[in-house]
Amino acid sequence: MPTWKSVSQALAESVIPFRPDALAVPGWSSLSALAALAFARRRRIPVILMSESNADDCARHSIVERMKSRLVGLFAAGLVGGRRAEDYLVQLGMPPSAVFLGYDAVDNDYFISRTKAYRKLGAMPGMEPGRVLPTQFRGRYFLSSARFIQKKNLFSLLEAYALVRSRWGKDSEPWPLVILGDGALRSALAARRAELALDAHVHMPGFKQYSELPAYYGTAGAFVLTSTTEQWGLVVNEAMASGLPVAVSRRCGSAETLVVDGENGVTFEPDPPAIADALLWIARHVDRDALSRASLAKIAQWGPERFGRGLSDAAVAALSRDPRPPGVGDAVLLRAAAEIQARRS
């Protein structure tokens, strides 16, 4: 586990030789981030805060928020994922002119090329041991990918999928549901799947490595993320770069930035009836190819290039601001915040 001293020493050894004009730090709550902030301020190096936190992504307490406001005041600029994260930094005291977008990005070209290659193979990826979806479901199954923890809201997804099947109609066979991932709730989710009589229709192939994901993104019909709270949700970026229509909970930071209702997918409140409505809307859409094209066009604006531009703009802004001289009070604040974080860990 890193300590204040070990992080400071590592920074001195790896950063100082580059003589940086500015330093970008991911977040403000970890011991490593706080030590890096203190390290840079002692050397009068302006610091860019990279953040995806939103005001409503967890319970907020006034005392903690006041401490955060003081911490944010020590940064010279911010790089955030979307508008909600931007609003939160401004709420904490950072000038709007010093906050830039583009933080949350994935390698779009990787998913575009790898899913295209997998589609050409004509194969279907493996499900649970000994099970493979029939090729008739190629481009016709719902896909989700998440850690099996409470906030991912996967029990509600199962309940919603049961509603989908009950409302599907007799004109075609309902789409299966595939949930990638693993975690402490796996056994409970498997039990609930059985209670809902969905064993034959809901597949949980387990956690998949980065190199395995295109096989699923490339053969699914739509992607769904049902979290009750999510700072961003990079799986949405991955799915859109793979050309999938997306159904995303409005509690996810990426929802209002990446999803245009009716254009490349749909957003919803994370309760079973609303999730079911979203899934049925996508599955019944008369032109899913148009939704797919819209996903690709939208995510093209939010790739690594956007991250690079945002970071560059944040650096220019950071260098143009007069840095507040480091003081004893700031040092005490940083060490106190680091101590709180260490106790939580």
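Keep in mind that this is a model prediction, so the values were computed, not measured.
- Remark: Glu269 engages Arg250, Arg251 in a salt bridge (charged side-chain N to carboxylate O under 4.0 Å, His left out) (not counting sequence neighbours).
- For the pair Phe137 and Pro176, the tightest heavy-atom approach, listed with the atom from each and the gap, is CD2-CD, 3.3 Å.
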- Message: Go through it in stages, so that I can follow the logic: the residues are Arg193 and His201, the test is side chain to side chain contact (heavy atoms under 4.5 Å, CB included), and I'd like the CA-CA distance, side-chain angles, deciding distance and then a yes or no.
- Response: CA-CA 9 Å; Arg193 177 180 63 176; His201 313 294; over 6 Å; no
- Task: Quick one: do Asn264 and Leu291 satisfy side chain to side chain contact (heavy atoms under 4.5 Å, CB included)? Show the steps, please.
- Result: CA-CA 4 Å; Asn264 69 314; Leu291 298 179; 5.5 Å; no
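- Linking Ile, Leu, Val, Met, Phe, Trp and Tyr whenever their side-chain heavy atoms come within less than 4.5 Å leaves Met50 and Leu74 in two separate clusters.
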- Message: Pair Arg293, Asp287 - check side chain to side chain contact (heavy atoms under 4.5 Å, CB included), show working.
- Response: CA-CA 10 Å; Arg293 290 193 297 272; Asp287 192 354; 4.1 Å; yes
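- Side-chain atoms of Pro125 and Glu212, non-hydrogen and from C-beta on, never get closer than 4.5 Å to each other.
- Residues Val236 and Val266 do not share a hydrophobic cluster, defined by chaining ILVMFWY side chains whose heavy atoms lie under 4.5 Å apart.
- Residues Asp271 and Ile275 are not in side-chain contact: their nearest non-hydrogen atoms beyond the backbone lie 4.5 Å or more apart.
- With contacts defined as side-chain heavy-atom distances shorter than 4.5 Å, the pair Ser227/Pro270 does not qualify.
- The backbone N or O of Glu65 sits less than 3.5 Å from a side-chain atom of Ser69, completing a donor-acceptor pair.
- Looking at Leu177, Thr226, Val224 one by one, the single match for side-chain contact (heavy atoms from CB on, under 4.5 Å) with Leu279 turns out to be Val224.
- Using the six-membered ring where Trp is involved, Trp175 and Trp168 have ring planes that are tilted, between 30° and 60° apart.
- Taking CG from Asn54 and OH from Tyr88, the interatomic distance works out to 9.0 Å, rounded to the nearest 0.5 Å.
- Remark: the backbone N or O of Ser254 is not paired with any side-chain donor or acceptor of Thr257 at under 3.5 angstrom.
- Taken together through direct or relayed side-chain contacts under 4.5 Å among Ile, Leu, Val, Met, Phe, Trp and Tyr, Val248 and Leu101 form part of one hydrophobic cluster.
- With hydrophobic clusters built from ILVMFWY side chains whose heavy atoms lie under 4.5 angstrom apart, Val132 does not share a cluster with Phe142.
- Side-chain atoms of Leu23 and Ile48, non-hydrogen and from C-beta on, never get closer than 4.5 Å to each other.
- Crowding of Arg83 atom CZ: a count of heavy atoms from other residues, nucleotides or ligands under 6.0 Å not exceeding 12.
- Here the CH2-OG distance, from Trp232 to Ser53, works out to 13.0 Å after rounding to the nearest 0.5 Å.
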Return a table of donor-acceptor pairs under 3.5 angstrom between the side chains of residues 295-303 and protein atoms on other chains or two or more places apart.
| from | atom 1 | to | atom 2 | distance (Å) |
| --- | --- | --- | --- | --- |
| Ser295 | OG | Leu244 | O | 2.7 |

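- A donor-acceptor pair under 3.5 Å links the side-chain atoms of Ser166 to the main chain of Leu163, judged by distance alone.
- Of all non-hydrogen atoms in Ala35 and Ser8, the two that sit nearest each other are CB-OG, 4.5 Å.
- When only modelled atom types and interatomic distance are considered, Tyr161 and Arg165 share a side-chain donor-acceptor pair under 3.5 Å.
- Remark: Leu92 CG to Lys68 NZ distance equals 7.0 Å, nearest 0.5 Å.
- The ring-ring contact (aromatic ring centres under 6.0 Å, His included) contacts involving residues 267-300 comprise Trp281-His285, where partners must be two or more places apart or lie in separate chains.
- Cluster partners of Val260: none. The rule joins Ile, Leu, Val, Met, Phe, Trp and Tyr whenever side-chain heavy atoms lie under 4.5 Å apart, and it links nothing here.
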- Should Thr219 and Tyr118 be marked as a side chain to side chain contact (heavy atoms under 4.5 Å, CB included) after you check the CA-CA gap, both sets of side-chain angles, and the distance that decides it? CA-CA 8 Å; Thr219 54; Tyr118 198 88; 3.8 Å; yes
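- Between Asn108 and Pro304 the shortest heavy-atom distance is N-CD, 4.3 Å.
- Taking the ring-ring contact (aromatic ring centres under 6.0 Å, His included) definition, one finds that Phe111 meets it with Tyr210, Tyr217, sequence neighbours left out.
- Within a 6.0 Å sphere centred on CZ of Arg19, heavy atoms belonging to other residues, nucleotides or ligands number 12 at most.
- Remark: Arg43 is positioned above the aromatic ring of Phe39, its terminal NZ or CZ atom under 6.0 angstrom from the ring centre and at most 45 degrees off the axis.
- Salt bridge annotation for Glu238-Lys208: absent, with no cationic side-chain nitrogen under 4.0 angstrom from a carboxylate oxygen.
- Distance alone, capped at 3.5 Å, is enough to place a donor-acceptor pair between the Arg321 side chain and the Ala76 backbone.
- Annotation for Ile149: hydrophobic cluster partners, listed by chain and number, are none (ILVMFWY side-chain heavy atoms under 4.5 Å, direct or chained).
- Note: the hydrophobic cluster containing Leu49 also contains Val25 (ILVMFWY, side chain heavy atoms under 4.5 Å, direct or indirect links).
- Two residues are said to be in side-chain contact when any heavy atoms from C-beta on lie closer than 4.5 Å; Arg147 and Phe207 fail this criterion.
- Summarising the geometry, atom OG belonging to Ser144 is positioned 5.0 Å from atom CZ belonging to Phe223; distances are rounded to the nearest 0.5 Å.
- Of the charged side-chain nitrogens involved, at least one lies within less than 4.0 Å of a carboxylate oxygen, so that Arg167 and Asp277 count as a salt-bridged pair.
- In this structure, CD on Glu128 lies 8.0 Å from CG on Asp199, to the nearest 0.5 angstrom.
- Nearest approach of Leu225 to Cys252, heavy atoms of both residues: CD2-SG, 3.7 Å.
- In this structure, the side chains of Pro46 and Phe75 stay at 4.5 Å or more apart for every pair of heavy atoms.
- Interatomic distance, CG of Asp182 versus CE of Met204, reported as 9.0 Å (0.5 Å rounding).
- For the residue pair Thr228 and Asn153, no side-chain donor N or O sits within less than 3.5 Å of a side-chain acceptor on the partner.
- Shortest non-hydrogen contact noted between Ala36 and Leu11 is CA-CD1, 3.5 Å.
- Annotation for Arg119 and Arg138: closest pair O-NH2, 2.9 Å, computed over non-hydrogen atoms.
- Side-chain contact between Met94 and Val90 is absent, with no heavy atoms from C-beta onward closer than 4.5 Å.
- Counting heavy atoms from C-beta on, the side chains of Leu185 and Leu154 never come closer than 4.5 Å.
- Remark: the Glu173 side chain and the Gln136 side chain contain an N/O donor-acceptor pair separated by less than 3.5 Å.
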